[in-house]
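All chains are named by letter (A, B, ...) in the order of the sequence lines, taking the proteins before the strands, and each is independently numbered beginning at 1.
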Protein chains: 2
Amino acid sequence: MVSLEEAKKAVGEALNCGRLALLIGRCRVFYEGRAASKLSEGDRLLVIKQDGTFLVHQATKMHAINYQGPGSRISVRIDEGENALVVSSQRTKPLLERIDVKFFEVHFADSFHLRDDEKLKLFGSERELSELLMQDLHLIEPGLFPLKQESDIRKGTIDILAEDFRHRLVVIEVKRREAGLDAVTQLARYVDEVSKRKDKATRGIMCAPTITPNALRMLEREGLEYFRLDYEIGNPSARIRGLEKKQKALHEFNDSKEPNT
Amino acid sequence: MVSLEEAKKAVGEALNCGRLALLIGRCRVFYEGRAASKLSEGDRLLVIKQDGTFLVHQATKMHAINYQGPGSRISVRIDEGENALVVSSQRTKPLLERIDVKFFEVHFADSFHLRDDEKLKLFGSERELSELLMQDLHLIEPGLFPLKQESDIRKGTIDILAEDFRHRLVVIEVKRREAGLDAVTQLARYVDEVSKRKDKATRGIMCAPTITPNALRMLEREGLEYFRLDYEIGNPSARIRGLEKKQKALHEFNDSKEPNT
DNA sequence: GCGATCAGCGGCACG
DNA sequence: CGTGCCGTTGATCGC
C-alpha cells in the first residue's frame, strides 16, 4: 500500500525526469472526447510513458480500456474532499480529449528509466510480399510485365500495376491474410478507375492466402481473378512458395441468377 | 535491481495465483507467428495478465511492440549459459505463435492481484448513433420511413434500410467519423445489392460528420447522397444535433467527364 | 465457429 | 497537413 502523497510524488518524478510511471490501485475512470465513457470502481494498472502515452489496463484483455496517445498533457492532484488521487491526461490533437483516473487506494506507484534505442525489425509485411511478388510476376502467369509498385491513383493506391502478354493492364492487389468483401471491393474500385482512365480493358487479380466464399463469389461476378498466395516467413525475409489460380466450380454458383441448364 | 531468480519467482507466482505480473528490464525480444520480428537489447516493460495477455512495451508509443492476446500459454526459465531469464508466450489459436523475451537484467518484478468486476460504459458508438437516427429519419427528409436496422444482406450489413415518400428503398450508412473512400465503396456495394435483389430503384445516403473531398466526388458520381451529421455526445447517450444535405457545387467537378455545357 | 464490420481504432508513408 | 490503408490489427455481434 502506498499513500496518495507518495503516489503523487512518484508520478510527478516520472513527469519531470521523463520516466515511465506505473500505478496500480482502486480507481474510477472517466473519459470524454471523440466518445465518452465511464468505468466504476475497481483495480487497474495505469501506465504513463514519457511521450505522454496514457494507458489504463484492466486485469484482462489486450487493449487498454482507456487510453491516450503520445502528446497528451498529464497532471496529478489530490482531491482532499474525496481523499483521492486524480491523474488526468488531456490532449487537443484530433479533438479536446481528457481522461481522469481517480484513485481511492494505491497499491503500487513508482517510476522507471528505460534506456532503449532499438527499433523493431518486422518481417512478413504486405509491402514485403508485394516487393517479392513484383520480382516474380511469372508465378502468376508467363508474360506478365511489372509496370509500377505502389501506384497512387485518385481512388487509392494500387499494390502492383502490370501488363500481360496481350498488353492488357493488370491491377494486382496483395493481401497477407484472408481476403474479404472489403478487399474485393477495393480491387474492383481500382480496376474501374484504371480502365476508365486509360480507356483500356483492365484485369484485376487478387493474391491472398485465402479468400472468404462470399468474397470469391463477388470477385468472380465482377470478372476478377483470384490466385492463392502461398508464402513463408523466414526471419530475414519472407519467401513466396507458390501461386495458384483458383476458380469456383460452376456448380458452386448455387445462387446464381441463371439456372444451370 | 532484482535477481533473475527472484524475477522468475514473481512471474511464477503471478501465473499460479492468477495475478498481474510486471517486469522491467534489459531484454531482447523475438517473435514468430503470422509475421516475425526481432528487437535488440534495451529496457522494456513486460505486462502479463491472468488471461494470458502478454505485452512488451517500449518507452514510447501507445501500442505494445510485441504482444499476444488472451489465451496464450506463458512459461519462464533461466538460461544458465547466457545467464538470462527467458519469458515465453505461446498460443495456437489463429496459428502457432510465440514470443520470447530474454532478460539480461531485471530492474523490477512483481505480481499484483487486481479485483475488478466493472465493465466500461461507452457512449457515442456508431450503433448508438444509428439507433438515434432510426427514430429521427425525418431529419434527413420528411416522409422517410424506417424499415429495418442492422439488416444483413449477402454483401454485408446495412445500417438502416428505409423507404421514401415515393416508395423508393433507401440504404443509409452511418459513420461516427469522417467518411473516406472505403465508406463510399461500402455504401455503393449495399445499394447495388439491394437494387438488384429487390429490382427497385434504390437510393443510398451517407450520414457522417465530414467526408473527404475524394470520397464526396466518388459518392456523387455514383449517384449517392451525403448528409452532414452533427451530433453531440452527452454522457448518458449521444444526441443528434442536426442533419444537413451537402452537395458539391457544379464548378467543383473540375475533372468531370461531361463539360458543363 | 465463421464472417463481416467497427474501433475513441493507431500508425505509416506519400502527396 | 491531409488522405488512404495496413495491422501479428483486436473486439464485437449476428448468422
Side-chain angles (χ1 to χ4, degrees), chain A residues 31-37 53 61-70 91 93-99 120 122-130 150-159 173-186 189-190 210-215 233, chain B residues 31-37 53-54 61-70 72 91 93-99 120 122-130 150-159 173-186 189-190 210-215 233:
Chain A
Y31 155 69
E32 192 164 46
R34 286 167 293 179
S37 75
T53 296
K61 293 289 172 66
M62 250 198 66
H63 282 317
I65 193 73
N66 280 112
Y67 55 87
Q68 200 98 245
R91 71 168 161 182
K93 223 182 32 176
L95 250 94
L96 179 65
E97 299 202 287
R98 92 177 274 119
I99 301 176
L120 187 81
L122 180 70
F123 313 100
S125 67
E126 177 186 303
R127 178 63 185 257
E128 194 178 307
L129 278 185
S130 178
E150 296 276 305
S151 166
D152 279 352
I153 59 172
R154 273 175 316 196
K155 283 184 180 176
T157 308
I158 293 174
D159 283 345
E173 177 65 29
V174 182
K175 285 275 167 273
R176 68 180 307 290
R177 57 173 178 162
E178 183 167 64
L181 283 175
D182 51 349
V184 174
T185 313
Q186 199 183 354
R189 199 205 302 159
Y190 299 157
T210 55
I211 186 169
T212 65
N214 235 352
I233 301 164
Chain B
Y31 156 69
E32 192 164 47
R34 286 167 293 178
S37 75
T53 296
F54 191 93
K61 292 290 171 67
M62 250 198 65
H63 282 318
I65 192 72
N66 280 111
Y67 55 88
Q68 197 106 229
S72 81
R91 71 168 161 183
K93 219 182 37 170
L95 249 93
L96 180 65
E97 299 202 286
R98 89 178 277 120
I99 301 176
L120 187 81
L122 180 70
F123 312 102
S125 67
E126 177 186 303
R127 178 62 188 257
E128 195 178 306
L129 280 184
S130 179
E150 296 275 305
S151 165
D152 277 354
I153 58 173
R154 273 175 315 199
K155 283 183 179 175
T157 307
I158 293 175
D159 283 346
E173 177 66 28
V174 182
K175 284 275 167 274
R176 68 177 311 287
R177 57 172 181 163
E178 183 166 64
L181 284 175
D182 50 350
V184 174
T185 313
Q186 197 184 357
R189 200 206 300 158
Y190 297 157
T210 56
I211 187 168
T212 66
N214 233 352
I233 301 164

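- Looking at the side chain of His63(A), the nearest of the listed nucleotides dC6(D), dA11(D), dA7(C) is dA11(D).
- The distance between atom NZ of Lys93(A) and atom P of dG11(C), rounded to the nearest whole Å, is 7 Å.
- Side-chain N/O atoms of Asn214(B) and base N/O atoms of dG4(D) include no donor-acceptor pair closer than 3.5 Å.
- Each of Leu120(A) and Ala179(B) was matched to the nucleotide of DNA chain D holding its nearest heavy atom; the match closer to the 5' end belongs to Ala179(B).
- Between Ser37(A) and Asp152(A), the residue whose closest nucleotide on DNA chain C is further toward the 5' end is Ser37(A).
- To the nearest angstrom, P of dG7(D) lies 18 Å from CE of Met62(B).
- What separates CZ of Arg177(B) from C1' of dC6(C) is a distance of 9 Å, to the nearest Å.
- Note on Gln186(B): a side-chain N or O is less than 4.0 Å away from OP1 or OP2 of dC6(C).
- Between Arg34(A) and the phosphate of dG10(C), there is a side-chain N or O to OP1/OP2 separation shorter than 4.0 Å.
- Glu97(A) and Tyr31(A) share a side-chain donor-acceptor pair at under 3.5 Å.
- Here the separation of dG4(D) from dT8(D), taken at their P atoms, is 22 Å to the nearest Å.
- Of the candidate nucleotides dG8(C), dA7(C), dT8(D), dA7(C) has the atom nearest to the side chain of Glu126(B).
- Judged by distance alone, with hydrogens and angles left aside, the side-chain atoms of Asn214(B) form a donor-acceptor pair with the main-chain N or O of Arg154(A) at under 3.5 Å.
- Which of dG10(D), dG8(C), dA4(C) sits closest to the side chain of Tyr67(B) comes down to dG10(D).
- Distances from the side chain of Lys61(B) to the nucleotides dG3(C), dT8(D), dG11(C) place dG11(C) closest.
- If you check distances only, the side chain of Asn66(B) does reach the base of dT8(D) with a donor-acceptor pair under 3.5 Å.
- In this structure a side-chain-to-backbone donor-acceptor pair under 3.5 Å is missing from Asp152(A) to Thr157(A).
- When distances are taken from the side chain of Ser125(A) to each of dG8(C), dT3(D), dG7(D), the shortest belongs to dG7(D).
- A close approach under 4.0 Å does not occur between any side-chain nitrogen or oxygen of Lys175(B) and OP1 or OP2 of dT5(C).
- In this structure, Ile65(B) and Ile211(B) both approach DNA chain D, and ranking their closest nucleotides by distance from the 5' end singles out Ile211(B).
- In summary, Glu128(A) and Arg176(A) do not engage in a salt bridge, as defined by a charged side-chain N under 4.0 Å from a carboxylate O.
- In this structure, of dA7(C), dT8(D), dA11(D), it is dA11(D) that holds the atom nearest to the side chain of Pro70(B).
- Note on Arg127(B): every side-chain N or O is 4.0 Å or more away from OP1 and OP2 of dT5(C).
- The two residues Ile233(B) and Gly33(A) have their closest heavy-atom pair at CD1-O, 4.0 Å.
- Within the 4.5 Å cutoff, side-chain heavy atoms of Glu126(B) are placed close to those of Lys175(B).
- Going from the P atom of dC6(D) to that of dT5(C) covers 15 Å, rounded to whole Å.
- Which of dT5(C), dT3(D), dC5(D) sits closest to the side chain of Thr212(B) comes down to dT3(D).
- Nucleotides dG8(C) and dT3(D) are separated by 22 Å at their P atoms, to the nearest Å.
- For Leu181(A), counting side-chain heavy atoms from C-beta on, the closest listed nucleotide (dA4(C), dT3(D), dC5(D)) is dA4(C).
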